[in-house]
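The model shown is predicted, which means the values in this text are computed figures rather than measured ones. Each chain gets a letter, A, B and so on, in the order the sequences are listed, and its residues count up from 1.
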There are 2 protein chains.
Amino acid sequence: MGSLDASLVCDLPPFEHMARQDIAALLERARSIRVEKGAAVFGQDEAAHSFFLLLDGHVRVVRVTPDGEQVIARYISSGELMGIAQALGRSTYPASAIAAVDCVVLAWPGAMWTEVVSRYPGFASNTYKTVGSRLQDAQDRIVEMATERVEQRVANAVLKLAAQTGRRTEEGILIDLPISRQDISEMTGTTLHTVSRLMSAWEAAGWVKSGRQRIVVVEGHKLMLLAGGAK
Amino acid sequence: MGSLDASLVCDLPPFEHMARQDIAALLERARSIRVEKGAAVFGQDEAAHSFFLLLDGHVRVVRVTPDGEQVIARYISSGELMGIAQALGRSTYPASAIAAVDCVVLAWPGAMWTEVVSRYPGFASNTYKTVGSRLQDAQDRIVEMATERVEQRVANAVLKLAAQTGRRTEEGILIDLPISRQDISEMTGTTLHTVSRLMSAWEAAGWVKSGRQRIVVVEGHKLMLLAGGAK
DNA sequence: CGAAGCCTTGATGCGCCTCAACGTACGTGG
DNA sequence: CCACGTACGTTGAGGCGCATCAAGGCTTCG
């Protein structure tokens with residue numbers, strides 16, 4: 001596919017501190033791909049042939065258990081790397097990446113990773129920073145699941161989504177991607193029923209407005225109190 | 001402290017594929033430290049001044065929540081790296097590392113990390129492999145906490161410990177470090193009471209033998225069935 | 001020998017899952 | 001464009017898994 005201009009991406013965290021020409025050289029070797037809503041960028045347990053940068057859209061990273069249950073590991077927003085299995089010495093992807101909306105991604109061949117590391121150490125160290133914060137996130141979530149109750153976890157999940165993908169509107173902060181009760185339940189280890197009940201209660205209290213695949217946070221601070229004020 | 005011989009560590013995974021003399025050079029710059037049972041190798045939220053290699057013993061990595069609850073993130077066995085915050089661009093340790101028994105650790109100044117990466121790329125890539133498998137572990141645990149019931153999680157935790165630190169005895173596989181019901185509960189997000197009841201039941205069934213801070217797995221396959229046979 | 005730490009076991013209650021039924025928005029094809 | 005099917009959302013009733021509260025026994029160490 002055609003080449004992209006370095007200026008389009010040079011402000012993204014992965015390219016921080018890289019020379020403009022190095023960025024251009026990297027981009028030249030990437031393929032740019034359009035992914036339709038609902039389609040997979042890569043699939044769980046499939047050979048890790050590439051690593052990716054999400055240019056536009058939102059991607060859901062999902063794990064499926066042997067007996068078919070789904071768990072949402074995280075949402076990727078535009079500008080983030082994903083599928084960086086080879087950076088961690090893995091040969092398969094540990095989860096599936098599903099486009100939550102129509103997306104544009106850049107893909108580099110996985111075999112290029114070692115070369116990239118040695119040639120662009122800045123890119124590599126930014127990648128590892130990303131990995132570090134994801135490990136931190138994962139560990140936070142374990143603590144959360146071990147110590148907090150459903151209501152707190154759901155409040156937290158909604159707040160995180162609002163912080164990550166929120167857009168200010170006159171009503172409040174709109175979570176800018178289609179998200180169902182089921183999705184929230186898969187992020188928090190509960191059922192869509194419980195999420196629905198919580199959202200109804202919060203709506204009655206005027207803290208959120210929500211509808212079909214749509215959530216607007218009106219009174220974030222109230223949710224923060226729920227989520228565990230001391231933090 | 002005195003210098004160590006490279007032959008002592010050259011078979012450990014972190015030093016795989018490194019030249020003997022490079023290993024020796026690295027070791028020369030490490031401090032070797034004895035840590036008493038119960039003492040901290042490093043503490044949560046403290047500045048990440050060093051990174052470590054556990055030479056001998058077992059270390060418990062623990063997170064404490066704002067309201068004082070503890071969650072055990074993992075156990076480190078001898079030969080593993082730990083406290084590698086700087087490799088991930090972090091300036092503080094995300095958890096505390098407590099010696100489960102008397103330990104010996106090697107410590108390198110954190111500031112050395114960038115130099116180490118560029119000078120010994122093999123060491124770096126092995127480190128990132130470690131990080132990768134820990135991220136994987138963490139994510140597995142999230143899935144587990146989200147989808148499995150306490151009994152399965154506890155069975156899994158016991159099996160993991162047996163696999164990691166188990167020693168064959170005539171009775172069965174002995175988990176070779178002092179571990180209480182409370183510890184298991186902090187690994188699985190439950191209470192010591194529930195763990196105690198489960199262990200009693202398993203003991204009655206003849207699947208384990210256990211006592212004060214001591215667990216022997218007699219019939220591992222029975223536990224595997226419990227933990228979720230399909231895996 | 002006392003005290004502290006670890007383990008066990010019972011009784012009780014409730015948070016949340018499960019099962020069930022129905023309402024409502026969406027989009028697709030006749 | 002309307003009718004239907006499908007996916008999403010809501011709300012109730014019931015029950016169970018596990019936390020919580022409580023009390024007591026058994027090691028291990030100073």
Detail all sub-3.5 Å separations between protein N/O atoms and N/O atoms belonging to nucleotides 11-15 of chain D.
{"unit_1": "D:dT11", "atom_1": "OP2", "unit_2": "A:Ser200", "atom_2": "OG", "d": "3.0"}
{"unit_1": "D:dT11", "atom_1": "O4", "unit_2": "A:His193", "atom_2": "ND1", "d": "3.2"}
{"unit_1": "D:dG12", "atom_1": "N7", "unit_2": "A:Arg197", "atom_2": "NH1", "d": "2.9"}
{"unit_1": "D:dG12", "atom_1": "O6", "unit_2": "A:Arg197", "atom_2": "NH2", "d": "3.1"}

Just call it for B:Arg212: base, sugar-phosphate, or nothing, with non-hydrogen atoms closer than 4.0 Å on any strand.
base
Heavy atoms only, 4.0 Å cut-off, all strands: where does A:Gln213 land among base, sugar-phosphate and nothing?
sugar-phosphate
Rounding to a whole Å, what distance do you find between A:Arg149:CZ and D:dC18:P?
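Going from A:Arg149 (CZ) to D:dC18 (P), I get 17 Å.
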Could you check whether any side-chain heavy atom of B:Glu36 comes within less than 4.5 Å of a side-chain heavy atom of B:Cys103, counting everything from C-beta outward?
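No, too far: nothing below the 4.5 Å cut-off.
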Need the bend value for the helix from C:dC1-D:dG30 to C:dG30-D:dC1: angle between end axes, 5 pairs each end, nearest 10°.
40°
Under a 3.5 Å cutoff, is there a donor and acceptor pairing between the side chains of [X] and [Y]?
{"X": "B:Thr127", "Y": "B:Thr130", "answer": "no"}
{"X": "A:Ser77", "Y": "A:Gln164", "answer": "yes"}
{"X": "B:Thr194", "Y": "B:Arg181", "answer": "no"}

Listed in order of residue number, which residues of residues 183-191 of chain B have a non-hydrogen atom at under 4.0 Å from DNA chain D?
B:Gly189, B:Thr190, B:Thr191
For A:Ala85 versus A:Thr92, what's the shortest heavy-atom pair and its separation?
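Reported closest heavy-atom pair: CB-O, 3.8 Å.
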Is the B:Phe52 ring parallel, tilted or perpendicular to the B:Phe42 ring (thresholds 30°, 60°)?
parallel
